[in-house]
Amino acid sequence: MRKKSAKEIAKERDEDMFMAEYALNGGNATKAAMALWPDLEYSSARKKGHLLANNEEARQRFRKRINKQSEREIMTVKERQEVLSDIARGDIKASIKERISAIKVLNNMDAIGAPTMNVNITVEQKRQMAQARIDELLGIEAGEKDGVITIECTEPDSAADSGLDEVCDSAQETEEVD
């Protein structure tokens with residue numbers, strides 16, 4: 001790999017500074033160029049800004065440097081877990097309260113002991129839910145239209161599914177009395 005000349009290094013530095021200014025001002029290439037090179041006339045700043053903003057090599061290099069910088073600044077999940085584990089085990093000097101806190105944070109990171117949800121329902125709502133489930137199991141469909149309640153009874157797919165020999169009596173079957 002060949003070494004970069006001082007001119008190439010200076011050019012890359014200027015491109016990086018331009019990209020940073022370009023990103024900070026919301027993507028206005030002319031303003032970025034004028035901020036870095038205040039002696040430029042507007043038309044020259046516009047041309048230079050356009051060329052630099054569309055320089056894909058400079059953009060990629062800038063993105064790569066920004067990503068590398070953020071990787072250095074942010075601990076990975078594994079690094080955080082290792083530090084918390086060291087605290088929890090007592091490898092790092094910490095009080096009992098801090099050790100317990102570290103364990104709680106580790107549990108939250110692993111979704112262990114996640115908070116539970118309490119749902120409050122009335123007795124009537126519970127009855128309605130139970131009745132709906134019973135109707136579902138028995139194959140009963142109920143509906144209400146214009147104040148008239150209709151109940152339709154259907155046979156389940158198989159009697160073994162419901163555990164019942166008969167689910168519904170047919171409305172057409174009648175008992176004859178002599």
Taking distance alone, no hydrogens or angles, what donor-acceptor pairs closer than 3.5 Å link side-chain atoms of residues 36-49 to residues at least two apart or in another chain?
none

Closest approach of M19 and A58, non-hydrogen atoms and distance?
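Looks like CE-CB, 4.0 Å.
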Tell me, which pairs form a salt bridge (Lys or Arg N to Asp or Glu O under 4.0 Å) where one or both residues lie in residues 82-98, sequence neighbours left out?
D86-R89, R89-D91
Holding to salt bridge (charged side-chain N to carboxylate O under 4.0 Å, His left out), I want the full list of residues that pass it with K11, two or more places apart in sequence or in another chain.
E15
Contacts of type salt bridge (charged side-chain N to carboxylate O under 4.0 Å, His left out), residue E8, not counting sequence neighbours
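If we apply the salt bridge (charged side-chain N to carboxylate O under 4.0 Å, His left out) test to E8, skipping adjacent residues, the hits are R2.
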Going by the rule side-chain contact (heavy atoms from CB on, under 4.5 Å), which residues pair with I121 if we only count those two or more places apart in sequence or in a different chain?
V119, Q125, K126, M129
I100: which other cluster members, linking ILVMFWY side chains closer than 4.5 Å, directly or transitively?
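I96, which link up through side-chain heavy atoms under 4.5 Å apart, make up the rest of the cluster.
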Linking Ile, Leu, Val, Met, Phe, Trp and Tyr through side-chain heavy atoms less than 4.5 Å apart, which residues share a cluster with I103?
none
Under the side chain to side chain donor-acceptor pair (under 3.5 Å) rule, collect the residues that match up with Q128, sequence neighbours excluded.
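Q128: no side chain to side chain donor-acceptor pair (under 3.5 Å) contacts found.
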Pairs involving residues 21-36, ordered by first then second residue, that meet side-chain hydrogen bond (donor to acceptor under 3.5 Å, both in side chains) (sequence neighbours left out)
none
Between R59 and E56, is any pair of side-chain heavy atoms under 4.5 Å apart?
yes
